[in-house]
Amino acid sequence: MTLQKVIFPVENYDLALTLASGQAFRWRRSGDAWEGVIGSRWVRLRQENGCIHAETAGQVEDWQWLRHYLQTDVDLETILSAFPDDSPMREAVAACRGLRLLRQEPWECLASFICSSSKQIVQIEQIVGLLCRRFGPAMTVPPDMNCAGAFPTAERLATVSEAELRECKLGFRAPYLCGTARKLAAGEVDLSRLGGLPLEEARAALLTLPGVGIKIADCVLLFAYGFQEAFPVDVWITKALQQLYFPKRRANLPRLRHFSRSHFRPYSGYAQQYLFHYMRTRRSPNEKK
DNA sequence: GGCCAGGCGCGTA
DNA sequence: TACGCGCATGGC
């Protein structure tokens, strides 16, 4: 079997930062490259000299699926220059140069984030890996490559018991994933239709699914459908907004959500990802220099 | 060993 | 509307 290869020139793109930034959960570092799965394709990516080098197994007609996933045609400078001109955002941008948003497949993104609640990113990666290994369809991979399958379909997970999901470390999230998979398999919500709706309507549809609240819905709206104004508020973003924008008084979650909806437009989603990564990686203020 | 993690759903005030 | 709590599991 021969590997198919392609090279994309990119600007203002930090591949490693992006793949490891907690939006997608199937990427593993392997030497100077990253190996992962996009849809039903095994992929290896490497950034070198202003280019992303990609390899995949199996036939490739064209590479649009990969450009779309990596969002290589997005002009990041335009987005960064539209961020609010305040010191938190300036610091976040300086700390995360080249951080991008990916465009993921909706079901995988939704299911992954149902697994994410009250979990650290490494644990989410572990859960998603177990789901793929156990229930995912096989893929074409390079020889001698031990790789889990592609992400299992909603139809497949709809047939799986809660107990089997708990064996994949889902814990209390098992009935959520089970329930959502079954609702989708039954056609009660059509994920392929949400991208064409206004943001509020797409969010409302996601909120009818078990285990999906505002935060997870906003992750899917942003990371899968590309709604630029979605702004997921998780524990890190709560800390960021509280410390950086409301240091004097305690602000509750609804208030923070309200503030974020107006303050960071129009590229709120990108701003959120920058704040998220900035908070997770910056040295804590009381840590010694 | 204790705190906390890319939360949600439900009960209560 | 705004909290508080329980829910599994494991990283640090």
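Throughout, a chain's letter reflects where its sequence line sits, starting with A, and its residues are numbered from 1. Every heavy atom of this structure was used, including side-chain atoms; hydrogens, water molecules and symmetry mates were not.
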- request: Any chance you could lay out the salt bridge (charged side-chain N to carboxylate O under 4.0 Å, His left out) test for A:Arg134 and A:Glu167, step after step, and finish with the verdict?
  value: CA-CA 10 Å; A:Arg134 217 146 149 202; A:Glu167 288 171 18; 2.7 Å; yes

task: Quick one, give me the B/S/- string for nucleotides 7-13 of chain B, reading 5' to 3', where B means a protein heavy atom under 4.0 Å from the base and S means that only happens at the primed atoms, P, OP1 or OP2.
output: BBS----

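- Across all strands shown, A:Gln273 has heavy atoms under 4.0 Å from base atoms, whether or not it also approaches the sugar-phosphate.
- Partners of A:Arg97 under the salt bridge (Lys or Arg N to Asp or Glu O under 4.0 Å) rule, at least two apart in sequence or in another chain, are A:Glu77.
- Taking for each of A:Arg255 and A:Arg173 the nucleotide of DNA chain C with the nearest heavy atom, the 5'-most of the two is the partner of A:Arg255.
- Checked against salt bridge (Lys or Arg N to Asp or Glu O under 4.0 Å), A:Asp62 has no partners two or more places apart in sequence or in another chain.
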Identify all side-chain donor-acceptor contacts of residues 122-133 of chain A below 3.5 Å with residues at least two apart in sequence or on another chain.
residue, atom, partner, partner atom, Å
A:Gln123, OE1, A:Gln120, N, 3.3

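- Residues forming a ring pair (Phe, Tyr, Trp, His ring centres under 6.0 Å) with A:Tyr270 (at least two apart in sequence, or on another chain): none.
- Residues satisfying the side chain to side chain donor-acceptor pair (under 3.5 Å) test with A:Glu48, not counting sequence neighbours, are A:Arg46.
- Contacts of A:Lys5 classified as salt bridge (Lys or Arg N to Asp or Glu O under 4.0 Å), with partners at least two apart in sequence or in another chain: A:Glu55.
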Ignoring hydrogens and angles, write down the donor-acceptor pairs under 3.5 Å from the side chains of residues 186-193 of chain A, residues two or more places apart or on other chains.
residue, atom, partner, partner atom, Å
A:Asp190, OD1, A:Ser192, N, 3.1
A:Asp190, OD1, A:Ser192, OG, 2.7
A:Asp190, OD2, A:Ser192, OG, 3.3

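- Taken residue by residue, residues 15-27 of chain A places heavy atoms nearer than 4.0 Å to DNA chain B at A:Ser21, A:Gly22.
- Counting 5' to 3', DNA chain C first comes under 4.0 angstrom of a heavy atom of chain A and last does so at the ends given by C:dA2 to C:dG11.
- Every residue meeting the salt bridge (Lys or Arg N to Asp or Glu O under 4.0 Å) condition with A:Arg166, not counting sequence neighbours, appears here in chain and number order: A:Glu162.
- Qualifying ring pair (Phe, Tyr, Trp, His ring centres under 6.0 Å) partners for A:Phe246, counting only residues two or more places apart in sequence or in other chains: A:Phe259.
- Annotation: B:dG1 and C:dC7 have their P atoms spaced 23 Å apart (nearest Å).
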